[in-house]
Undergrad: 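Below you will find the structure I want to go over with you.
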Amino acid sequence: MSKMIPIPSTGYLNERDIGKAPILEATHLGIEFGGLKAVDDFNLTVGRTEIAGLIGPNGAGKTTVFNLLTKVYQPTHGTILLDGKDTHGMNAIQVNKAGIARTFQNIRLFSSLTVEENVKLGMHNHTHYNTLEGILRMPRYWQEEKRTHERALELLHIFDMEHLAEHKAGSLPYGAQRRLEIVRALATEPKLLLLDEPAAGMNPSETEELMENVRKIRDIFQIAILLIEHDMQFVTGICEGIAVLNYGKIIAKGTPQEVINNPEVIRSYLGNRRAIMLKVENLNVYYGMIHAIKDISLEVKRGEIVSLVGANGAGKTTTLQAISGMLKPKSGKVSYLDHNLLATPAHKIVQYGLSHVPEGRRVFAQMTVLENLEMGAFISKDKVKNKNNLDSVFEHFPRLEERKRQLAGTLSGGEQQMLAIGRAMMASPDMLLLDEPSMGLSPLLVKEIFKIIKELNEDGITILLVEQNAKQALSIAKRGYVLETGKIVLSGNAADLLENDAVKKAYLGG
Amino acid sequence: MKMKKKIALGLVLAMGLTMFAGCGGNSGDKNAAADNAGGDTAAAIKVGGTGPLTGGDSIYDLAEHHGAEIAEEEINAMGGVQFELKMEDDAHDAEKAVNAYNTLKDWGMQLSLGSVTSTPGTATSDENYRDSIFALTPSASATTVTEGKDNVFQMCFADPNQGSASAQYISDQQLGSKIAVIYKNDDVYSSGIYETFMSKAGELGLDVVSTTTFTTDSQNDFSVQLNDAKNAGADLLFLPMYYDAASLILNQADAMGYAPKFFGVDGMDGILTLEGFDTSLAEGVMLLTPFSADADDERTQSFVAKYQERYGEVPNQFAADAYDCIYALYQACTNANATADMTAEELNELMKEQFTTMTFDGLTGTGATWNENGQITKEPKGMVIQNGVYVGM
Amino acid sequence: MSFLSNLISGISLGSVYAIIALGYTMVYGIAKMLNFAHGDVIMVGAYICFFATMRYGMHPIIGVLLSMIVCTLLGIVIDRLAYKPLRQAPALAVLITAIGMSYFLQNSAQLLWTSSPKVFQSVIGNGSIKLFDGALSISYVTLVTIVVCIVIMIGLVLFVNKTKIGKSMRAVSEDKGAAQLMGINVNTTISLTFAIGSALAAIAGVLLCSAYPTLTPTTGAMPGIKAFTAAVFGGIGSIPGALIGGILLGIIEIFAKAYITTQLSDAIVFAVLIVVLIVKPTGLLGKKISEKV
Amino acid sequence: MKLKTMNKTTRSNMITYAMVIIAFVIVQIMLGTGNISSRLQGQLVPICAYIVMAISLNLTVGVLGELSLGHAGFMSAGAFSGIVVASCLSQNTSNEILVLVLSMLVGGVVAAIVGVIVGVPVLRLSGDYLAIVTLAFGEIIKGIVNNLYVGLDGSGLHISLIKNTLQMDGGKVLINGPMGLTGIPRIASFTVGFILIMVCLFVIFNLVNSKSGRAIMALRDNKIAAQSVGINITNYKLMAFVISAAMAGMAGVLFAANFSTVVASKFDFNTSILILVFVVLGGLGNMRGSIIAATVLTVLPEVLRSFSDYRMLVYAVVLIVMMLATNNPTLKNGLNLAWSKIAGLFRKNTEKGEQANV
C-alpha cells in the first residue's frame, strides 16, 4: 500500500502517480433533475494507476456520478478532464473511445450472444475491418477475427473463463456474468475502468478472488480503476484512495484508515459504522440463476419493532417483496395471523392489515398528495374510518396537510417518504413493513422519521423495519436480525447486537 | 430460443405433410365433382374461368358462375356439343389469378372464360395468349385484357366504348348541361372508363365542370367531392364505378340535399340487390347496361325465371354476360363442328376464325360482332331506375 | 362557403376518429399496449347493431346497447385470452399478437357474414339541418357524433379523476408494482379498461356506419389506424388529447382532399403521423415518459 | 476453415446453403423430365421472391429486433423502378438475363435509398412507435405509386404525378397510375431467383458472423450496454434497415417480372403481414426457418384451394399461438412437456423400428 501524499488542489495522489498527470480530474461536477440536485459540486482526482473507491449510502448519487463520467447523462455544470483532455461536448461513444469503460449495477450483458462474442464486442472499435470486408470475407477479416479471437481468450484467461468461450452469456452463473462484464469493459482498452458494485451478491470467497483479480488487472494493464462498492472489507482491502459521497457531495477523501476514522463520515454514513404476528420459515428466493435468499426464517411478535439490517444487496428488500407478494419465492412458508401469504395474491395481503412501504417510496408522482392518500384507502369502504385515518396522518405529518393539493412528484425526498408511510397508514394496518425509510434523507430528517416510527409503534402498530443505517435501526428496535448475502448470520435482542463486535466490525466500522 | 425452434418445426412439419399429400401432381383436381353439373364427362369440352370468390367483389363471381351453369345445362340437354365448366377463385389478385389459371391448365382446360375482373383479366389473358388457349371473358373490360392478343375476346363492353358510349348517350339525349365526374383512381375499371369518357366528352363539347377521385381506403367520406360538384353547379353526376361506392354517394348526396341526375355504368348494376339499401335513393338513376331483367323477349324471361327459381334473386347483367359467353362458344363450336377430343391449340384456331366472322344474338345485345382485337360492338340499352325497377329509356 | 362546408365535414369525420381514438388512448395509456384489434372491435359493434336493427327490427337504441354489451365482452375475452399471458412479454410479441387478433376478427367476420357490403340504416335518421338558406347543411349524424364525443370525453375525464376506480386506473398506469401494494388488482383493472375501451368502440362503430353506411369486414381497419394516428397526435394517454387530435386529423384529411389533392389524401394523413412522432413523440398534450438507465 | 474447427453457427449455415441447392437441383430435374404441375411451375419465381422477402425481413425483425410493418413498400419501390429500367433496356438488348440482373440492381438501389429515407426518421423511435411509422411509410409509398404515370417514347422517359399529363408522342406507357405496370417484359427466371437467394443468404450469414453483425445483435440485446462499448447505435440500425430494404427491392423486381401486370395495391399492409407470418412461424433470427415457412405457406394455399378462404384465419391463429407459446412461461412449460412426450413416443417407435430391421 503506497503512501498517499496530499496535493494542494483536490486531495491525495498515490505516490506512484506523483509527477504523472492524473487520469481523471472532475471539478464542480453537478446535475439537476427538475430542481433536485442529484449531484452537486462533485470533485475527484484519480491517479494514472490508482484503485479508487467511491462509497456512500444508498441513493447518495454514486451511479449518477458514473453516468455523468460516461456521458449517459450530460452534466449541467462542472468539467471532466480525462487524461488531460476536456470531455465537454463528447457523447457516450466518444468518451469510451477516449478511454473510459464501465460495468453496470444490474448486469447488462448481450445474453443471446456467446461469451467470446461479448468480449469481441468490447473490441468493436479496435477491430480493423469494415462491413464490406466482413461480408466478402476479405483477408483482413480473417486476420482481425483471428487476432481478436486470441485476444479475447487472453483476456478471459485473467478470470480463467476461457473454457466458457462458447457458452451463451445469459446462461452463465451470477459470479461469472459479473466477471464477463469486467472483461468486456477491459476489451475496449480503457485508461480508466469504472466498476459499479462488482462484488454485489458475491459470497466472501468470490469477493476475495475478485480483489485479487482487480489488483492483477491494474498491474497487468497499468490502468486506473474507480469502483462503487458497499462491501466494506472489499473497499478497505483493495482501494488506495476512497472518496465518500453523501447527498450528492464529497464529504471526505483519503486512505481507507483516514476515511473510517473521519468523524463526519461516521455520523452520516457508517453510523460509526447502527402473540407472533408474522412468521417466515426457510424462505428461498431465486432471481433466475441467482440464489438471492437462502433458507431464512424470522418472526415478529405483536407490538414489537424488529429490525432487519445488512449491507445493500444482502437481500433485505427481496425478503420484504417475497413477504408482500411482489415476487414469488421458490419455497418456504410465510404466515401472517394464520393467513398463508404465499397463497394470497399481492393485492389481497393489504386486506389482512399488513401494509408495505416499498423501497424508494414509489409515490404516484402525477397524482396529488390527497389522491395518493385516497389510494392508500382503496380497500376500505368505511368513509368515517378513512376520515379518521386521514386526520391522524395529517397529525403525524403536518407538512402533508399543507401540501395536500400538490402533485406528489413535486415533494422533496423527505416529504415523499412521509407520504409513503402516510399512504400505508390509510389502510389502517396492524403491521407495517418499512423498507429503508432513511434512504437519501439528511441526518436530521432521518431522526424525525425514526421518531415518527417510534410514535406509530406506541399507537400499537407492529413494525418490521429494514434499514441499512444499522445503528439507528437497532437503537429503536426490540429485536434484530443481521442479513448477509441472503443468509441470516446473527439474531437477538437489539441491545446485544449493538454490542456484538462482529456486527460492529461488519456494519459499525469498529 | 430452443422452445421457439421446436414449435416452429412442429407447425412447419405438419403443414409440409399436407403439402406433399396434396401436391402429388394434379391428381387432386380430377374429381372436381362440385362444378360438374350435368353432361357426361366423356365427350365434353372443358371450359375454365377465374373469378373473385373471396374478397370484395364476390357477388360478380357468383352471378357469372350461376349464369354460365344455366347455359351449360341447357346446351348439354340439347345433345349437341357438350361443355364441362369449372370456375377457380382468384380473390381479385393477379398472382392468385395466374395460379388459378395454372390449376385449370392442369385440369385440362380447352377453352377459357378468362377472368371476371380487369386486373386478374389482364394477367390471365397474357397466359391465354402464350398457351394459345382461346378466351372469351364475360366482364373483364380493360383494354389491356385484349390488347396485343389475337385469341382473347370480350363479351362485355370494353372500357373505351363504355366511356365513349356514355358520353355519346348523354350528349345525344341532352341529359345534362354541366357534368361532374367522380371516379375511383386506384381501380383499373373505373379510371379506364373515366379516361375514354373525358376524351369523348371533349370531342362532343360536353361541359365537364368538376372531376374528383377517391381510393379504396378513403371510400367513406364523399362530402368534398359532392361539395365540389354542387358548387360547380353540376346538374348531372357521372359515376363510372361499382355499386357499393355509388350507394354511398347517393346516400350522402341525398343527406346534403344535392339532387342532380345520376348516370352510371354497368358496374352500377346490383345496387338494387344491396342488402338494406333504400332503393328510393336510386330513383331516377340512369345507366347504360346491355341487359334488362324486365325485357319482354321470351329468352330473357325464361332465363330470369330459371335463375330466380334456382338462386332466389333477379339476375344482373354479369349473369347474363356469362350466359351469353357459353352460348357464343356453343354457336362457334357448332359452326366449326369442334369436338371434345381436339386440343386447346386446335380449338383456339377455330374459335379465332369463328368469332371474327360470326354475329351473335344474346340476352345482352342483338347483332353483336367482334373486331380482330377482341372488342365487341353491340347496342347498349339506356336504363333508368323507376320505383325500384330497371325500365328501358 | 365551401371552406365552411369543408370544415363541417372535417369536424364530422374528425369526431368519428375522436371516438375511436378515445378507446385507443384508454387502453394504451393504462395498459401501455397498442390494441391493433380496436379498429376491428368497431366493425363487430357495427355488424351487431346492423343485424339487431335491420334483420330483427329492434329499436335502434336496443341495437346500440346490444352491440355495446357484445363488444365489452369481446374486449374482456381478447384481453384475457391474448394479452394477459403476455403482461411481461417484450413489446414486439404483444404487437404481433394484436395484429394477429385484428386479422382473426376480420376473417371470422368474413366467414360469418360474407364480404358483400351491407348498407347500415343510420341509427339517427339521415335528415340534416340547413344553414344560410341551404348553402350549408350539417347532418344530424354529425351533430350527434360531436355531442356524444364531447359527452364521453367529459364522462371519462370525470371518471378517471374523481371516482375511486378511475384513480386506481391512473395509479396502475403509473406504477403497477406500487398499485398492487395499495390492494389494487392490476389484472382486473386492465380488463376493466379493455371493457370500457370496447364499449366506446361499439358506440364508435354505430356512429361510423351511420355517417358512412357501407359495412364490410374490413371497414374497421383503416379508420382504426387513422384514429391511432389521432390518439398519438393528441398525445397518447391523454383523454382530451384524443378528442382534439381526432378533430384536427379529420379537418387535415378533408382540407388535404379539398385543397391539395383527393388522390394523395391518405398519404398526407400518414405524413402527419410521421412528423408528429418524430418532432414531438408525446403529441400535443402527452406526458413525458423517460426511460431509467 | 477446417470442418472440425467450424463452430456451431457456421455448420448450421452450411446446412441451409445445402438445403437450398438440393431443392434447386430437384426442381431442375422435375422441370427437365416435365413431371411438374403447371401450378407449381407457375409459382417457382414467386416462391424465390417471397423467400428473399422473408430472410430480409428476418434481418430487421429477428437480428436487429425492430418490427417493420412496411416491408412490402420496399418491394414495391424496387418492383416499379426496376421494371421501368427493364422496359427501357429490353428495347435495345435481347439478352433477357442481363436485363433482369441490371434492373434488379437498380430496383435494389432505389429500395435502399427509400430504406435510408425511411430509416433516418425511424432511428429515433423503437417498439410500437417504430412499427407504426414503418406501416405509415408503406402506405405512403403505395399512395404515391398509385398516382405515378411513366411513359417511354423516342425522346426518353416522361414522368408525371397526379394528373395524367405525359405529353408523349407515341411510345409506350410503362406505369399507368392505378393500373400499375402494364406490358411488363416477362423476363423472370427461376435460376436467377435461386442465385438471388444464395447471394442474399451469403450476405446475411457473413454479416451476422462479422463485427457489424455482432454490433446489430448487441443493439437487440441491450442498447445501453452497446453504447457503453462504443457502438454507434444509429449507424448499425440504419445499416440493417438499408440492407434489408435493398434485398426486398430486388425481390420486388424478380416478382414483378414474372407477371404481365402488377398494381401498387398488391404491395400493401396485408403483404407485409403475410411476410411477417413467414418470419414469425420460421422463428425470429432463424433464416432456414424463414425459407421453409415461406415455401410451405406459398405453395400450401394453392394445393388446398378449397380451404383458401380459411387461409388468412389460419395465419392469424399462427401469429397469436406462436407469440403466446414463445413468451408465456406457463404455456411454454406446458408445450415443452407435450413436445417431449411426442418426441419420446417418436424415439420409442424409431428404436422399435431399428430393432425390427437390424
Side-chain angles (χ1 to χ4, degrees), chain C residues 28 32-34 36-37 78 81-108 110-111 114-115 218 221-222 225 228-229 232 236 260-279 281 291 293, chain D residues 61 65-67 69 118 120-133 135-144 146-147 161-163 177-178 223-224 269-270 272-273 276-277 279-280 284 309-324 326-331:
Chain C
Y28 194 91
K32 296 288 180 289
M33 212 222 82
L34 171 59
F36 220 82
I78 289 177
L81 218 58
Y83 301 150
K84 178 163 174 295
L86 293 174
R87 285 280 187 267
Q88 276 74 28
L92 191 71
V94 179
L95 194 56
I96 293 177
T97 314
I99 292 171
M101 189 49 79
S102 158
Y103 260 61
F104 182 80
L105 290 179
Q106 276 178 27
N107 287 290
S108 336
Q110 186 153 350
L111 291 176
T114 78
S115 52
T218 52
M222 193 43 79
I225 293 173
F228 174 74
T229 308
V232 169
I236 198 81
I260 304 175
T261 144
T262 44
Q263 290 162 341
L264 285 178
S265 62
D266 290 347
I268 290 165
V269 167
F270 282 116
V272 163
L273 168 67
I274 291 169
V275 166
V276 165
L277 276 183
I278 290 158
V279 170
E291 202 212 341
V293 166
Chain D
V61 178
E66 289 291 354
L67 177 61
L69 295 176
V118 170
V120 167
V122 151
L123 295 181
R124 302 151 41 98
L125 308 168
S126 61
D128 299 355
Y129 280 0
L130 180 125
I132 287 298
V133 166
L135 184 140
F137 265 111
E139 292 299 317
I140 288 178
I141 293 172
K142 186 179 87 174
I144 291 171
N146 235 338
N147 293 287
L161 202 58
I162 320 286
K163 285 284 172 300
K223 276 199 182 52
I224 294 163
F269 175 64
N270 297 330
S272 294
I273 295 305
L276 183 65
V277 171
V279 170
V280 167
L284 293 182
D309 39 26
Y310 295 103
R311 184 169 68 103
M312 286 311 290
L313 200 63
V314 168
Y315 288 168
V317 170
V318 160
L319 277 182
I320 299 172
V321 165
M322 279 300 286
M323 281 299 110
L324 289 182
T326 50
N327 284 296
N328 175 305
T330 41
L331 203 59

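What you see below is based on every heavy atom in this structure, not just the backbone, and it leaves out hydrogens, waters and symmetry mates. In what follows, every chain begins at residue 1, and chains take the letters A, B, ... in the order their sequences are listed.
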Undergrad: Need one label for C/I268: side chain, backbone, both or neither, based on atoms under 4.5 Å from any heavy atom in chain D.
TA: neither

Undergrad: Which pair of non-hydrogen atoms, one from C/F104 and one from D/A316, has the smallest distance, and what is that distance?
TA: N-CB, 3.5 Å

Undergrad: Can you check whether C/I99 reaches D/L69 side chain to side chain, under 4.5 Å on heavy atoms?
TA: yes

Undergrad: At their closest point, which heavy atom of C/A82 faces which heavy atom of D/L324, and how far apart are they?
TA: O-CD2, 3.6 Å

Undergrad: Quick one: are C/F228 and D/L135 in side-chain contact, heavy atoms under 4.5 Å?
TA: no

Undergrad: To the nearest 0.5 Å, what is the distance between CZ (D/F269) and CD1 (C/I225)?
TA: 5.5 Å

Undergrad: Looking at C/L273 and D/A136, what are the two nearest heavy atoms and their distance?
TA: CD2-CB, 4.0 Å

Undergrad: Just how far is it from atom CD1 of D/I141 to atom CZ of C/F270, taken to the nearest 0.5 Å?
TA: 12.5 Å

Undergrad: Looking at every non-hydrogen atom in both residues, tell me the closest pair between C/L95 and D/A131 and how far apart they are.
TA: CD2-CB, 3.3 Å

Undergrad: Applying side chain to side chain contact (heavy atoms under 4.5 Å, CB included) to D/L319 and C/Y103, what does each step give before you reach the verdict?
TA: CA-CA 10 Å; D/L319 277 182; C/Y103 260 61; 5.9 Å; no

Undergrad: Nearest heavy-atom pair of C/M101 and D/I320: which atoms, and what distance?
TA: N-CD1, 3.7 Å

Undergrad: Heavy-atom distances under 4.5 Å only: say whether D/N270 touches chain C with side chain, backbone, both or neither.
TA: both

Undergrad: Which pairs, with at least one residue in residues 96-107 of chain C and sequence neighbours excluded, count as a salt bridge (Lys or Arg N to Asp or Glu O under 4.0 Å)?
TA: none

Undergrad: Quick one: does C/L92's side chain get under 4.5 Å of D/V61's, heavy atoms only?
TA: yes

Undergrad: CD1 of D/I140 to CG of C/D266: how many Å apart, nearest 0.5 Å?
TA: 10.0 Å

Undergrad: Identify the two heavy atoms, one from C/I96 and one from D/V280, that lie closest to each other, and give their separation to 0.1 Å.
TA: CD1-CG2, 3.9 Å

Undergrad: Is chain D contacted by the side chain of C/L34, its backbone, both, or neither, given a heavy-atom distance below 4.5 Å?
TA: both

Undergrad: Using non-hydrogen atoms and a 4.5 Å limit, figure out which bit of D/L67 sits close to chain C: side chain, backbone, both or neither.
TA: both

